[in-house]
Amino acid sequence: MLSFKGGPIDGKVRVRFAPSPTGSLHVGGARTHLFNWLYARHCNGVLINRIEDTDQERSKPEFERMVMDDIKTLGLEADESTDKGGGYGPYRQSERLEAYQTLAYKLLEDRKAYRCFCTQEEMDQKAQAAKAAGKPPHYDGTCTNIPKEESQRRADAGEEFSIRMIAPQKDYTLKDFVRGNVTFKQGMVGDFILLRTNGIPVYNFAVVIDDYFMNVSHVIRAEEHMPNTLRQMMVFEGLGWEFPIWAHISLVLGNDRKKLSKRHGAASVKEYIEQGYLPEALVNFLALLGWSPVDNKEIRPLNEIVDLFVLEKLTKSPAIFDTDKLTWMNKEYIKAMNIKELSTRIKPFVKRAGLDPNIKDEEWFELALDSVRGHIAKLSDIGDYLDIYYSDRFAFADDAKEIIASEDGKRVASAFKAELEACDGEPTAEWLKETQKKLKSLTGAKGKGLFFPLRACVTGRLQGPELTLALPILGKEEALRRVDLAIRQ
RNA sequence: GUUCCCAUCGUCUAGCCCGGCCUAGGACAUCUCCCUUUCACGGAGAAAACAGGGGUUCGAAUCCCCUUGGGAACGCCA
């Protein structure tokens, strides 16, 4: 028997994010989780992750694993969860069935719910008919007034039934932390299912029981749940329990102003991470969707966000997920990151681009990485910039070829070759600076006319890191090989 | 269809609750200029919004009403 812990709120903030394991973590879900996490941290409270797997068709253990791992990569683990345990478990709804069933029968006993013998097919038909007639598809009340004895008899006889909650016909006012008072007029919802025919509870029922027994003080969730909240209020009331504090946060929308989903391309945390967005940048960006710090400073460490995060500052209106701004933020994080940290984090992306980060020593790699980091927006961009240092990848881009073929180009290239050959030891930044001056007077080329050919010869590109940085990293031998190649074109 | 929610630059937002300090602030993106004997980086600047209409008030982005627009939800999905 499941022990019923919890009870009335004892003053401590306990919040929860309750994903259903039907796919990997969505950025909208990540943002909801983040807001809960921030609030818990800010209040020195507790964050719970509960797995809502009552949809047996779509829920899969591997999805649960994915979601939990996504949360972990974001660095936002909960205090109590299926992974970590805690004093209010189990944290998977499929393991709490007994509680739901017990309470559903209590409601039945109290005449706040009834057995419904309508079949799935009948219900589908009714819903369609109601829709066709332009009426809200509410339950028509076929089984509402079946006498208690008859209901019992039919159940005993083995007839299949679900348990349906009687929706009290009166107005309900939801006191919402971000929206203020929201009144739902009576008749907005019909009698709704609590327990399915197979004994598994439905979301709106399970949530109430879990939130109560897990001692949840604040329910911070997406706005799309508002109509659900009405049903949940009815269940809380029917069970004689106090409401938690609800806070319905605005939705995250795609470019088309519709709720962000797979249709909008990348929509999951996993995809963004795989594209080379840093978890900390994504988290920082997500925090700014529907919330803003008092001092306007947008890029800031998580602990500062925790300090400033208050529910009062949440926005009511929905926010469009702007990838451009995320990308900018990611770039800033890449620029600011400690080079050793960046080095270890970016290596998988370097390998994925087909480049070996270990062809030379770590010091070389860091130098090379540092010279190009300012150009990349995502970790996955690294291949296109770092490859200039890899001789097997070397090739002249079309625009670079043109420059080299020009009059200035030819003159600069051969003059530079001579200088390089005469260079004593490895070329340094200072050597290059001197040499550039020399080349200027030697060839008459200046500005773009001087720098583009040099860059084109050495890197094969017209854009990239400072040559004074790149040349020493490349080394004399490789540089010479390339200049030679350029001249012979 | 019904109910609920929302409405400030293209986008994220500040201001709104407690009207005057708003000539509406910041950030992304865009454009311009500067720096640099090059691209980039960096710096400076520009353009860009109170959805519309009625009230209330000496005064409204801020309060009230209507219209319009957008969104969400109406399941034995969550």
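It should be emphasised that the depicted structure is a prediction, and the values quoted were computed from it without experimental measurement. Each chain gets a letter, A, B and so on, in the order its sequence line appears, and its residues count up from 1.
Atom NZ of A/Lys175 is separated from atom CE of A/Met233 by 9.0 Å, given to the nearest 0.5 angstrom.
Separating the P atom of B/G26 from that of B/G43 is a span of 16 Å, rounded to the nearest Å. Distance check on atom C1': B/A49 versus B/C28 gives 16 Å, rounded to whole Å. Taking atom P in both B/U62 and B/G54, one finds a spacing of 14 Å when rounded to whole Å. The same atom, P, is picked in B/A73 and in B/A29; the two are 32 Å apart, to the nearest Å. Remark: the separation of the P atoms in B/A24 and B/A47 is 11 Å, to the nearest Å.
Base pairing analysis places B/U36 opposite nothing; no Watson-Crick or G-U wobble pair with both distances below 3.5 Å involves it. Using N1 to N3 plus N6-O4 or O6-N4 for Watson-Crick, or N1-O2 and O6-N3 for G-U wobble, each under 3.5 Å, B/C28 pairs with B/G10. Checking B/G19 for Watson-Crick or G-U wobble geometry (two distances, each under 3.5 Å) identifies no partner in any strand. Base-pair partner of B/C50: not found among the strands shown (Watson-Crick or G-U wobble, both distances under 3.5 Å). The nucleotide B/C74 finds its pairing partner in B/G1, both defining distances of the Watson-Crick or G-U wobble pair being shorter than 3.5 Å. Pair assignment for B/C63: B/G55, on the basis of Watson-Crick or G-U wobble contacts that are both within less than 3.5 Å.
If A/Asp55 and A/Leu289 are placed on RNA chain B by their nearest nucleotide, the residue sitting closer to the 5' end is A/Leu289.
A/Arg196 has a side-chain polar atom (N or O) that falls below the 4.0 Å cut-off from OP1 or OP2 of B/C77.
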Any chance you could list the contact pattern along nucleotides 28-43 of chain B? Use B for base contacts, S for sugar-phosphate-only contacts and - for none, protein heavy atoms under 4.0 Å, 5' to 3'.
SS-------BBBBSS-
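Evaluated for a salt bridge (Lys or Arg N to Asp or Glu O under 4.0 Å) with A/Arg461, the options A/Asp387, A/Asp399, A/Asp384 yield exactly one hit, A/Asp387.
Judged by distance alone with a 3.5 Å cut-off, a donor-acceptor contact links the side chain of A/Asn228 to the base of B/A78.
Under 4.0 Å is where a charged nitrogen must lie from a carboxylate oxygen, and between A/Arg115 and A/Glu159 no such pair does.
Residue A/Lys313 places its NZ atom among more than 12 non-hydrogen atoms of other residues, nucleotides or ligands, all under 6.0 Å distant. More than 12 heavy atoms of other residues, nucleotides or ligands shown are found within 6.0 angstrom of CD on A/Gln169.
Relative to the six-membered ring of A/Phe161, A/Arg154 misses at least one condition, a distance below 6.0 Å or an angle of at most 45° to the axis.
A/Glu332 meets the side-chain contact (heavy atoms from CB on, under 4.5 Å) test with A/Ile299, A/Trp328, A/Lys335; sequence neighbours excluded.
The distance between atom CH2 of A/Trp246 and atom P of B/C5, rounded to the nearest whole Å, is 16 Å.
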